[in-house]
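Protein chains get the first letters and strands the later ones, always in sequence-line order, with residue 1 at the start of each. All heavy atoms count here, side chains included; hydrogens, waters and symmetry mates do not.
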Amino acid sequence: MVSYAEERSANIERNKLILKEIGMEKLKPATEPKEKRKKKKTPRNKNANNKRKMTNFEVPGGRDPQAVEQPPTKTARVDSEVSEVPGESRRRSSRIASLPAGAVVHAERRRGTPLPMSVKTIVPSASGAAKRQRRYDPKTYGAIPGIEVGSWWASREECSNDSIHAPWVGGISPGPHGAYSVALSGGYDDDVDAGYAFTYTGAGGRDLKGTKAAPKNLRTAEQSYDQSFDHNHNKALKRSVETGKPVRVIRGFKLRSPYGPSEGYRYDGLYTVERHWQEKGLNKGGFLVCKFAFKRLPGQPDIPVRGGEDEEPEFPSGDEESDAEGVDTSDD
DNA sequence: GGGCCCGCAGGG
DNA sequence: CCCTGCGGGCCC
């Protein structure tokens with residue numbers, strides 16, 4: 001029988017081929033910007049709230065943000081001076097590693113704290129927009145005004161608040177004419193992330209409730225049955241292929257790829273879903289999974305790659321050879 | 001590190 | 001109301 005590693009490489013190779021087929025080569029810049037470590041420029045500012053968002057890379061030489069409806073740079077919401085997050089060098093791998101020192105999580109949102117309910121009701125937000133104080137409807141195709149490509153958040157909750165990706169947990173935010181957004185967090189071991197294109201695994205096929213005897217109430221779990229395009233989320237991504245609607249993409253720190261941020265979540269702009277198919281997933285049982293191939297729209301700022309200084313690129317950033325990269329368990 | 005258990009946004 | 005989901009705090 002085939003080992004997990006072998007099966008994984010095989011899947012990865014197949015997925016890489018698909019990415020080549022959809023023509024992502026041209027999108028990848030000759031030289032890729034390094035992820036900017038969030039240095040601790042500003043002293044501290046321990047006033048909570050500065051954990052808002054920040055753009056992670058300033059593009060060398062002004063590119064023209066034309067091609068893709070670039071939202072008006074409107075840094076609202078950061079009411080306080082956008083102090084640099086003193087996140088310094090944290091090694092990825094820990095959870096949401098460092099909410100930078102001063103970035104205290106709002107007490108109301110903490111888990112054990114008592115008044116989460118009242119938080120929602122605060123800020124009626126006249127326009128009856130949403131319960132949260134969202135400025136824009138996340139159920140929008142394309143860019144969210146005011147959120148630049150490269151913006152960064154410490155948690156999924158914050159991404160949701162800024163309407164970039166509404167679900168707190170789910171990777172896919174479905175809509176009638178396609179998905180609005182997806183989150184790459186490395187949930188599936190055989191997905192390939194080449195930055196300017198990537199493969200993505202659909203939702204479903206998991207038993208989140210556990211067994212009758214041992215109920216689990218989980219949020220994620222191993223595959224235990226086939227995924228299908230009947231699942232609303234997968235159906236939405238399939239629609240994206242048909243309609244060509246752009247999908248917002250965020251990458252999370254758990255993503256094992258040079259393009260994954262070392263901490264938190266980063267908005268990497270708009271992509272189109274080029275293909276959808278089903279294949280045997282990397283799971284015990286060989287259950288089918290729904291797969292999708294995404295390609296980035298041109299004209300957006302380059303994606304920063306990890307490996308600023310104290311981090312060594314674990315993969316040769318691209319695909320190229322069939323480098324046996326991930327096959328190992330290169331710890332981490 | 002792993003296991004638990006949970007809040008929440010969204011859709012049905 | 002019910003169920004789902006590439007989180008995440010907490011405890012061990």
**OP:** Report the C-alpha distance between A:Ser224 and A:Glu222 in whole Å, list the side-chain angles of each, state the deciding distance to 0.1 Å, and finish with yes or no for side chain to side chain donor-acceptor pair (under 3.5 Å).
**Re:** CA-CA 6 Å; A:Ser224 52; A:Glu222 294 275 308; over 6 Å; no
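- Taking atom CG of A:Asp162 as the reference point, atom C1' of B:dA9 lies 15 Å away to the nearest angstrom.
- Of the candidate nucleotides C:dG5, C:dG7, B:dG12, C:dG5 has the atom nearest to the side chain of A:His233.
- In this model, the phosphate group of B:dA9 is not approached by any side-chain N or O of A:Arg156 to a distance below 4.0 Å at OP1 or OP2.
- C:dG5 atom P lies 12 Å from atom OH of A:Tyr200, rounded to whole Å.
- Atoms CD (A:Glu158) and P (C:dG8) sit 9 Å apart, rounded to a whole Å.
- Partner of A:Lys291 under the side-chain contact (heavy atoms from CB on, under 4.5 Å) criterion, out of A:Asp191, A:Asn11, A:Ile18: A:Asp191 alone.
- By the rule that hydrophobic residues join a cluster once side-chain heavy atoms approach within less than 4.5 Å of another member, A:Val192 and A:Ile22 end up as members of one cluster.
- Side chain of A:Lys209, nearest nucleotide from C:dG8, C:dG7, C:dC3: C:dC3.
- The CD-P distance, from A:Glu222 to C:dC6, rounds to 13 Å in whole Å.
- One can place CG of A:Leu237 at 14 Å from P of C:dG5, the figure rounded to the nearest angstrom.
- Donor-acceptor pairing under 3.5 Å, judged by distance alone, is absent between the side chain of A:Asn217 and the base of B:dC4.
- For A:Asn217 (side chain) and A:Leu208 (main-chain N/O), no donor-acceptor pair under 3.5 Å exists by modelled atom type.
- Across the P atoms, B:dG10 and C:dG8 are found 16 Å apart, a figure rounded to whole Å.
- B:dG1: Watson-Crick or G-U partner is C:dC12, with both key distances under 3.5 Å.
- When each of C:dG5, B:dA9, B:dC4 is scored by its nearest atom to the side-chain atoms of A:Lys216, the top-ranked nucleotide is B:dC4.
- Between B:dG12 and A:Asn232, a contact under 4.0 Å exists linking OP1 or OP2 to a side-chain N or O.
- For the C1' atom pair drawn from B:dG12 and C:dC6, the interatomic distance equals 22 Å after rounding to whole Å.
- The side chain of A:Leu218 lies closest to B:dC5, out of B:dC5, C:dC6, B:dG11.
- Taking the six-membered ring wherever Trp is involved, the centroid distance between the rings of A:Phe294 and A:Phe198 falls below 6.0 Å.
- Cation-pi check for A:Lys28 over A:Tyr196 is not met; the charged atom does not lie both under 6.0 angstrom from the ring centroid and within 45 degrees of its normal.
- Within 4.0 Å of A:Gly187, counting heavy atoms only, lies at least one base atom of the nucleic acid.
- In this structure, A:Tyr265 reaches the C:dG8 phosphate: one of its side-chain N or O atoms is under 4.0 Å from OP1 or OP2.
- Side-chain atoms of A:Leu208 lie closest to C:dG5 of the nucleotides B:dG11, C:dG5, C:dC6.
- Between A:His231 and C:dG5 there is a side-chain N or O to OP1 or OP2 distance below 4.0 Å.
- Here A:Arg134 reaches the OP1 or OP2 of B:dG10: one of its side-chain N or O atoms lies under 4.0 Å away.
- Both A:Pro215 and A:Gly175 sit near DNA chain B, but only A:Pro215 has its closest nucleotide nearer the 5' end.
- Nucleic acid contact for A:Gly252: none, since no nucleic acid atom lies under 4.0 Å from a heavy atom of the residue.
- Distance, A:Asn161 CG to B:dC8 P: 12 Å, rounded to whole Å.
- Minimum atom distance to the side chain of A:Ala203 is reached by C:dC6, of the listed B:dG11, C:dC6, B:dA9.
- The nucleotide whose nearest atom lies closest to any side-chain atom of A:Trp168 is, among B:dG11, B:dC8, C:dG7, B:dC8.
- Counting non-hydrogen atoms under 4.0 angstrom, A:Ser173 reaches nothing in the nucleic acid.
- The shortest heavy-atom contact between A:Met24 and A:Leu19 is CG-O, 3.6 Å.
- Atoms OH (A:Tyr180) and P (B:dG10) sit 10 Å apart, rounded to a whole Å.
- Between A:His165 atom NE2 and B:dA9 atom P there is a gap of 14 Å when expressed in whole angstrom units.
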